[in-house]
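Heads up: the structure comes next, in structure tokens.
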Amino acid sequence: MKDPTMDQFDLAPDYSISRVIRGGWQLAGGHGAIDRTMAVDDMTAFAEAGIITFDCADIYTGVEAMIGDFRMAYAASHGRAALDRIHVHTKCVPDLAILDRIRKSDMTAIIDQSLKRLKMERLDLVQFHWWDYEVPRYIEAAVWLDELRREGKIRFVSGTNFDIPRVREMLAAGVPLRTLQVQYSVLDHRPENGLVAFAAAHGINLLCYGTVAGGFLGERWLGVPEPSEPLENRSLTKYKLIIDDFGGWALFQELLAALARVAARHDVDIATVASRHVLDRPGVAAVIVGARNRAHLPRNLAIGALRLTDADRAEIDAVLARRQGPEGDVYTLERDRTGRHGSIMKYNLNAQ
Ligand SMILES: NC(=O)c1ccc[n+]([C@@H]2O[C@H](COP(=O)([O-])OP(=O)(O)OC[C@H]3O[C@@H](n4cnc5c(N)ncnc54)[C@H](OP(=O)(O)O)[C@@H]3O)[C@@H](O)[C@H]2O)c1
């Protein structure tokens, strides 16, 4: 049965995801206190509204377990068939500290832990992340992950934040990456520097995060002066750097104003237009929008119904034509652990 309220994308003949995925990072700490019972109820509200796909990670502290509780509660209230339409996309992010000595047993332990926390017999889709290309064991690790798929622990193996050369290597090693999760937004067009075309040529769909830039792409920031450090949460700290690379606060304000004019014409909000803009790009299967609670749910649902016109796109593109960056392949800036983007990351969260 298809949900009437939200478009879906078929990743496989019997595997449909909602084109808006509920992001889970905001429940991991670093974005304010979380009431666990309310978080589980919120997930039910998203699922009932048609946002039936959830993104999380082994390293998002406590989030897999919350989704596991939600799955059980949803099965109890809505039945097993309804639960089967809910899909959970997690990640496998081995700690930086173990990369040079990683063994298959480390990968197996991560997957077994996710299975247990999520209360699943088989993980739906696992997105593999590797912190350091200088430790070139990601091929071995990806092959182990694929072995775990063949052993029945995982349905789809995917990647996140890998650039074209590494995706090419993993495909050549026989790892059937189903999707790639990448940062892609009106502020960050790095996937268009080759990855979109490469992924399309290999039948890989993109799942995109950062489409609302942690909330920066919203009315709250329109017409306000540039904020100073410290910002109120980790997302805003991270996306402020992207705004700086994009061209700075003044150009960002021009973009917000253009998005606001488009939003007013459709009676939606800035964030909805910003996410729809990404959803309409070639190769994009879904946008992943983070949520601390259900406050933005109606706006997130509106992404599915919004249809941008050529005039809307032209108005946005007129500002984007003047953007300065960020440049390069996906996640290249973030991989410099001493640089502005890389130095704010946490690299060993599985060991906690
Ligand atoms: N693979 C990776 O490396 C990676 C990296 C980052 C994220 N992700 C995944 O992608 C998800 C989303 O990306 P993100 O964490 O960067 O966050 P995001 O989706 O760019 O921003 C989410 C925040 O934006 C605000 N927001 C959402 N809808 C809004 C609306 N309609 N109007 C105004 N504000 C709105 C909310 O903040 P307030 O509640 O404060 O208003 C929300 O918490 C994450 O949860 C995670 O699952 C993956």
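All ligand and atom numbering here is 1-based and tracks the order in the structure.
Contact annotation: for N161 versus ligand 1, heavy atoms closer than 4.0 Å belong to the side chain alone. Counting heavy atoms closer than 4.0 Å to ligand 1, residue N293 contributes nothing at all. Residue A213 touches ligand 1 through its backbone alone, judged by heavy-atom distances below 4.0 Å. Within the 4.0 Å heavy-atom criterion, the part of K91 lying near ligand 1 is the side chain and not the backbone. Heavy atoms from both the backbone and the side chain of V212 come within less than 4.0 Å of ligand 1.
Numbered from 1 in the order shown, with element, the atoms of ligand 1 that lie under 4.0 Å from a heavy atom of N300 read 28 (N), 31 (N). Set against the non-hydrogen atoms of Q181, the atoms of ligand 1 under 4.0 Å away are 1 (N), 2 (C), 4 (C), 8 (N), 9 (C), 48 (C).
Using a distance-only test at 3.5 Å, with no hydrogens or angles considered, a donor-acceptor pair links the side chain of R313 to the main chain of L308. Using modelled atom types, one side-chain atom of R71 and one backbone atom of K119 make a donor-acceptor pair closer than 3.5 Å. Within the 3.5 Å criterion, the main-chain N or O of A12 finds no donor-acceptor partner in the side chain of D10. The backbone N or O of K104 lies less than 3.5 Å from a partner atom in the side chain of T108, making a donor-acceptor pair.
Using a 4.0 Å cut-off between charged nitrogen and carboxylate oxygen, E121 and K153 do not count as a salt-bridge pair. Under a 4.0 Å N-O distance rule, the pair D41/R36 does not qualify as a salt bridge. Contact check on R294 versus E48 returns no salt bridge, with no Lys/Arg side-chain nitrogen under 4.0 Å from an Asp/Glu carboxylate oxygen.
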- May I have the step-by-step check of side chain to side chain contact (heavy atoms under 4.5 Å, CB included) for I316 and H277, ending in yes or no? CA-CA 9 Å; I316 297 166; H277 191 264; 4.0 Å; yes
- Derivation and outcome, side chain to side chain contact (heavy atoms under 4.5 Å, CB included), residues V182 and Y331: CA-CA 8 Å; V182 294; Y331 213 75; over 6 Å; no
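Put simply, no part of Q183 is less than 4.0 Å from ligand 1, judged by heavy atoms. In this structure, F216 has no heavy atom closer than 4.0 Å to ligand 1. Residue contacts with ligand 1 do not include T272, since none of its heavy atoms lies under 4.0 Å from the ligand.
Between Y15 and F156, the ring center distance clears the sub-6.0 Å criterion. The aromatic ring centres of Y138 and F128 sit 6.0 Å or more apart.
The residue from H296, Q26, R299 that puts a heavy atom closest to atom 35 (C) of ligand 1 is H296. Counting only non-hydrogen atoms, the option in G23, A291, G290 that gets closest to atom 12 (C) of ligand 1 is G290. Within the set Y331, W25, Y60, F54, the minimum heavy-atom distance to atom 8 (N) of ligand 1 is found for Y60. Nearest to atom 23 (C) of ligand 1 by heavy-atom distance, out of A302, C208, G214, G218, is G214.
For the pair C56 and ligand 1, the shortest N or O to N or O distance does not fall below 3.5 Å. The N/O atoms of A271, backbone and side chain alike, include none that comes under 3.5 Å of an N/O atom in ligand 1. Not one N or O of E232 is nearer than 3.5 Å to an N or O of ligand 1, by distance alone.
Atom 40 (O) of ligand 1 has as its closest protein heavy atom R292 NH2, 3.1 Å.
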